[in-house]
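Accompanying notes for the structure given below.
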Amino acid sequence: MMNLCDLRTVREIMERHGLKFRHEFGQNFLITPAVPQRIAEMCCDDAESCILEIGPGIGTLTCYLAERFSKVTAVEIDRGLIPALGETLAEYGNVKIINDDIMKVDIEKLVREEFSDRRVSVCANLPYYITTPIIMKLLESNVRFDSITVMIQREVADRLTASAGDSDYGAITAVLGYYGEAEKLFTVKPGNFEPPPKVDSTVVRISLYDTPKYTPRDRELFFSVIKAAFAQRRKTMLNALSSGLSGYDKAMISRAIEEAGHRADIRGERLSTADFCLLSDKLYEIKNNIQEI
Ligand code: SAM
């Protein structure tokens with residue numbers, strides 16, 4: 001395995017390929033071998049699994065993934081890195097690099113073409129300018145990933161792993177709870193990257209539910225309620241939903257909040273994913289005139 005964490009090697013590869021660290025692509029490469037090694041070890045137990053990596057950079061984490069798993073497909077936006085990756089990953093026959101923007105990729109199609117019906121997990125040191133959209137895209141794709149392990153800014157990790165009532169709890173926490181459970185694995189200081197980012201990083205593993213844990217009567221309504229509840233954080237749920245949820249008047253919302261067992265002045269950050277599911281079901285029942293038996 002090439003030592004892609006050695007700073008001199010990194011600089012030599014970049015110079016030879018005429019590359020500069022591109023801030024606009026969130027390029028902070030790992031330079032401490034123990035970090036990518038641990039991420040690869042902790043992301044998945046099953047060596048038969050396939051891995052989708054986002055943003056391989058010069059292939060630092062990719063090498064560890066290729067050593068450990070049966071197949072790795074990595075999507076990298078920066079065309080300039082592709083020849084370098086051809087060189088750094090030359091010894092691995094189980095790696096494929098795709099030059100594309102992950103936000104433009106049809107994830108379902110990519111997974112079908114690359115891995116057919118095999119088990120797949122995601123593993124990535126994500127570009128920080130676009131962390132949340134990438135995670136949301138992965139969650140909302142119709143792909144049954146086993147897990148999603150990502151290194152992200154510490155504050156985003158705090159948000160993903162918060163509990164209802166915490167100050168970090170937000171719409172993304174409640175939405176993520178629908179798909180699976182997130183746990184923090186470990187924190188990584190800026191000095192482990194070149195160039196060092198301005199913030200601490202945390203590796204988070206999201207274990208996705210095999211079968212849905214929550215089954216709202218109307219999934220779209222459930223997500224709309226969460227979105228509206230957090231759109232104006234300082235408002236009570238009643239006011240936030242009255243102004244942000246179309247098709248429901250204040251009386252209906254007030255009744256649904258009460259029937260779901262909450263006080264009239266409850267705020268969104270106190271409701272768990274299960275609570276949002278129940279509240280959206282109450283709204284659905286009230287609107288469609290469904291009586292509980
Ligand atoms: N995996 C390498 C490592 O750990 O050292 C590099 C990680 S670096 C934080 C993020 C990588 O994501 C960069 O290589 C960057 O070019 C790539 N990237 C940024 N935006 C992307 C996008 N929209 N789609 C795919 N790759 C992207």
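Read the numbers this way: they start at 1 and go in the same order the structure lists the ligands and their atoms. Here the structure is a predicted model, which is why all the values come from computation and not from measurement.
Closest protein heavy atom to atom 1 (N) of ligand 1: Gly55 O, 2.8 Å. Protein heavy atom in closest approach to atom 5 (O) of ligand 1: Leu30 N, 2.9 Å. Looking from atom 19 (C) of ligand 1 to the surrounding protein, the closest heavy atom is Phe25 O, 3.1 Å. Closest to atom 4 (O) of ligand 1 among all protein heavy atoms lies Asn125 ND2, 2.8 Å. Scanning all protein heavy atoms for the shortest distance to atom 2 (C) of ligand 1 gives Pro56 O, 3.3 Å. Of the protein's non-hydrogen atoms, the one nearest atom 8 (S) of ligand 1 is Gly26 O, 3.5 Å. What sits closest to atom 14 (O) of ligand 1 on the protein, heavy atoms only, is Glu76 OE1, 2.7 Å.
Evaluated by nearest non-hydrogen atom to atom 13 (C) of ligand 1, the leading choice among Lys104, Glu24, Met103, Gln27 is Gln27. Residue Ile77 holds the heavy atom nearest to atom 18 (N) of ligand 1 of all those in Ile102, Ile77, Leu65. Of the candidates Thr60, Thr62, Leu126, Asp101, the one placing a heavy atom closest to atom 22 (C) of ligand 1 is Asp101.
A donor-acceptor contact under 3.5 angstrom links the side chains of Asp78 and Gln27, judged on distance only. A side-chain donor from one of Asp275 and Ser272 sits under 3.5 Å from a side-chain acceptor of the other. In this model, no donor atom of one side chain and acceptor atom of the other lie less than 3.5 Å apart for Ser70 and Glu48. For the residue pair Tyr178/Arg219, the side-chain donor-acceptor check at 3.5 Å is satisfied.
Here Tyr209 is tied to no hydrophobic group at all, with no ILVMFWY side chain closer than 4.5 Å.
Contact between Arg119 and Asp146 at its shortest, heavy atoms only, is NE-OD2, 2.8 Å.
In this structure, Tyr128 does not count as a contact residue of ligand 1, since none of its heavy atoms falls inside 4.0 Å of the ligand. For the pair Glu53 and ligand 1, a heavy-atom separation below 4.0 Å is found. Using a 4.0 Å heavy-atom cutoff, Ile134 is absent from the residues neighbouring ligand 1.
Atom CD of Glu258 has 12 or fewer heavy atoms from other residues, nucleotides or ligands within 6.0 Å.
Contacts with ligand 1 closer than 4.0 Å are made by side-chain heavy atoms of Tyr129 only, the backbone lying farther away.
Within the listing of ligand 1, atoms 25 (C), 26 (N) sit less than 4.0 angstrom from a heavy atom of Val75. Close approach to Asn28 involves these atoms of ligand 1, each under 4.0 Å from a residue heavy atom: 7 (C), 8 (S), 9 (C). Residue Asp100 has at least one heavy-atom neighbour below 4.0 Å for each of these atoms of ligand 1: 24 (N), 25 (C).
To the nearest 0.5 Å, the span separating OG on Ser141 from CE on Met136 amounts to 10.5 Å.
Judged purely by atom type and a 3.5 angstrom limit, Lys137 uses its side chain to pair as donor or acceptor with the backbone of Met103. Checking side-chain atoms of Thr173 against main-chain N and O of Tyr169 turns up no donor-acceptor pair under 3.5 Å.
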